[in-house]
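Below: one structure, written as structure tokens.
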Amino acid sequence: MKLHEISKSFGPVKANSNINLTVDRGEILGLLGENGAGKTTLMNILTGLYKPDSGKILIDNQLREFHNPREANKNGVGMVHQHFMLVPVFSVTENIILGEEPTKRFNKIDLENAKNKVLKISSEYKLDVDPDQIIEKLPVGIQQRVEIIKILFRDAEILIFDEPTAVLTPQEVVEFFEIIKNLKKTGKAIIFITHKLHEVLEICDRINVLRRGKIVGEEYPKKTDKKKLAELMVGRTVNLRTSRKKMEQGEVLLEVNGLSILSDNKEYVLSNVDLKLHKNEILGIAGVQGNGQTELVEALTGLRSVSSGKISYFGKEYKNFSPRKIHQLGVRHIPEDRQKQGLIGEFSLTENSILNTYYEEEFSYNITLNWTNAKIEAKKIIEKFDVRTNSENISANKLSGGNQQKLLIGREMSRSINLLIASQPTRGVDVGSIEYIHNQIVFARNKGIGVILNSTELEEIIALSDRIIVLFEGKVIAEFPSDTDPNIIGLAMAGEN
Ligand SMILES: Nc1ncnc2c1ncn2[C@@H]1O[C@H](COP(=O)(O)OP(=O)(O)OP(=O)(O)O)[C@@H](O)[C@H]1O
Ligand SMILES: [Mg+2]
């Protein structure tokens with residue numbers, strides 16, 4: 001497959017300019033680039049979601065033009081998107097055949113036949129799934145397999161993965177790599193987008209780097225390293241390590257005692273959790289996803305009621321406070337899923353900038369909004385957090401994934417803040433911006449703020465935390481100082497004490 005001199009602009013934004021890119025059968029091409037560099041746009045062109053302003057797509061040396069993803073599918077091009085596109089209440093099989101339903105007599109959908117084909121693909125490529133399960137009940141890693149089967153069901157020969165590992169647990173990443181190695185073996189051409197440099201070095205045959213809409217480099221894993229790739233991506237030296245001076249713990253800002261949460265099916269998702277967070281402290285919560293972290297954060301931010309136990313902020317117990325009330329204490333929250341909990345995609349950047357403060361005096365005139373001030377706020381966030389956009393009036397879903405994340409973090413960290421609860425703060429963010437966000441978190445901590453850092457990236461936890469606790473099956477099973485050997489923390493994450 002060959003992309004020849006592809007260009008695409010959105011108004012004044014040149015998302016892709018004169019891009020040439022090839023990928024062969026049996027090859028994994030890594031595509032790197034900072035947030036907003038144009039990776040997703042280029043892939044959306046290849047899959048017929050966008051029409052290029054100029055340039056050509058050649059498959060097996062034949063000129064192709066796709067007007068929609070269906071046409072691209074028919075020509076063997078399939079994509080697993082950065083933000084999944086499955087229908088949560090449908091079953092695995094229903095999702096896979098959506099839009100391509102095989103029919104039997106009298107136009108009835110042939111579900112049996114479809115299911116058999118799903119099972120066949122699933123065993124051929126070792127993509128273990130239960131075809132009858134409902135999507136919303138499945139972990140992210142399995143949902144991703146469904147997305148992969150969905151494109152293989154349509155006989156994809158060129159497979160595009162847009163940041164597939166951003167939402168996976170380390171174990172799921174290992175399994176995902178096995179899957180794409182299998183796909184490679186069967187002669188598929190694969191394009192793999194990620195922000196994790198060690199991943200491209202591990203799995204790719206060749207790496208292309210995009211910056212501001214242009215290809216700025218082609219590298220081979222054996223002849224390059226992380227530092228070089230990072231520099232190519234952002235055009236400057238990136239410090240991959242955050243520097244952090246030791247600080248005395250201050251007074252207690254948050255105290256949790258005996259916190260338990262029962263799930264809908266009467267199992268403990270959190271049991272008897274105690275923790276303390278101090279001024280000038282970053283407390284890391286390490287753990288494999290699904291061990292109670294999400295529920296803990298939801299309880300702390302007023303999004304979930306607790307079964308028993310006590311939560312106190314700044315020395316005062318709070319009971320069933322609303323998220324707004326907690327926000328008014330100066331507790332800020334970076335939620336783990338920016339699109340479901342952090343931003344409203346159809347709203348403008350300005351509106352998103354004041355989502356949880358719009359009622360404050362600064363942003364309201366009696367019953368209307370003070371747009372002038374709201375815009376000033378949005379511009380401040382955009383500038384300070386380097387959100388790549390040319391206007392605060394565009395809707396948030398027009399931003400690239402990483403830039404959506406930066407907008408969200410900027411909103412939460414810009415105004416008066418006493419305590420920050422950050423979940424997966426750098427998910428989908430490029431190395432240059434990770435450096436910036438980490439520095440901002442450390443800066444806030446130096447100024448006296450307490451930070452709860454919930455991250456499935458052990459590297460991130462170790463880089464930032466003053467103290468680390470490990471959650472396993474809803475319990476705090478270990479606590480470590482910041483200079484602990486990562487292997488020991490890793491063992492605790494796996495439940496070994
Ligand atoms: N539908 C759209 N309308 C307007 N601008 C858009 C649209 N889609 C993308 N853009 C802009 O094009 C540029 C490239 O975005 P793209 O999503 O391709 O970046 P990316 O490399 O995938 O970044 P990330 O790593 O953050 O996902 C950005 O400036 C983005 O705001
Ligand atoms: Mg993208």
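As the structure lists them, so they are numbered: ligands from 1, and atoms in each ligand from 1. Residues: numbered from 1 along the sequence shown. The model shown is predicted, which means the values in this text are computed figures rather than measured ones.
Both cation-pi conditions hold for Lys8 and Tyr50: the charged atom is under 6.0 angstrom from the six-membered ring centre and inside a 45 degree cone around its axis.
Here Ser400 fails the criterion, with no N, O or S atom under 2.8 Å of the Mg ion (ligand 2).
Surrounding CZ of Arg212 are at most 12 heavy atoms belonging to other residues, nucleotides or ligands under 6.0 Å away.
Scanning the protein for heavy atoms near atom 1 (N) of ligand 1, the closest one is Tyr50 OH, 3.2 Å. Nearest to atom 22 (O) of ligand 1 among the protein's heavy atoms is Thr40 OG1, 2.7 Å. The closest protein non-hydrogen atom to atom 9 (C) of ligand 1 is Phe10 CE1, 3.5 Å. In this structure, atom 17 (O) of ligand 1 lies nearest to the protein heavy atom Ser400 CB, 3.4 Å. Scanning the protein for heavy atoms near atom 23 (O) of ligand 1, the closest one is Gly36 N, 2.8 Å. Among protein heavy atoms, atom 27 (O) of ligand 1 sits closest to Gln82 NE2, 3.1 Å.
Residues Asn393 and Lys375 have side chains that bring a donor and an acceptor to within less than 3.5 angstrom of each other. With 3.5 Å as the limit, one finds a donor-acceptor pair spanning the side chains of Asp162 and Thr40.
Under the 4.0 Å criterion applied to side-chain N and carboxylate O atoms, Glu27 and Arg206 are assigned as salt-bridge partners. One finds a salt bridge joining Lys181 and Glu178 here, because a Lys/Arg side-chain nitrogen approaches an Asp/Glu carboxylate oxygen to under 4.0 Å. The pair Asp386-Arg388 meets the salt-bridge criterion, with a side-chain N (NZ, NE, NH1 or NH2) lying under 4.0 Å from an Asp/Glu carboxylate O. Taking the charged nitrogens against the carboxylate oxygens, Lys196 and Glu459 have no contact shorter than 4.0 Å, which rules out a salt bridge. Between Lys223 and Glu219, none of the side-chain N atoms (NZ, or NE/NH1/NH2) sits under 4.0 Å from a carboxylate O, so this pair counts as no salt bridge.
Of the listed residues (Ile193, Ile45, Thr41), the one carrying the non-hydrogen atom nearest atom 18 (O) of ligand 1 is Thr41. The heavy atom nearest to atom 3 (N) of ligand 1, out of those in Lys398, Met43, Gln405, Arg211, is found in Lys398. The closest non-hydrogen atom to atom 12 (O) of ligand 1, taken over Ala15, Ser395, Gly401, Gly11, comes from Ala15.
Taking every non-hydrogen atom of Asn35 and a distance limit under 4.0 Å, the qualifying atoms of ligand 1 come out as 23 (O), 24 (P), 25 (O), 26 (O). Residue His195 has at least one heavy-atom neighbour below 4.0 Å for each of these atoms of ligand 1: 25 (O). Below 4.0 Å from some heavy atom of Gly402 lie the following atoms of ligand 1, by number and element: 24 (P), 26 (O).
The shortest N or O to N or O distance between Gly33 and ligand 1 is not under 3.5 Å. By the 3.5 Å distance cut-off applied to N or O atoms, Leu42 is not counted among the residues near ligand 1.
The closest approach between a heavy atom of Val13 and any atom of ligand 1 is below 4.0 Å.
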Practice item. Test Arg445 against Asp466 for side-chain contact (heavy atoms from CB on, under 4.5 Å), laying out the working first. Key: CA-CA 10 Å; Arg445 164 261 205 187; Asp466 297 301; 2.7 Å; yes
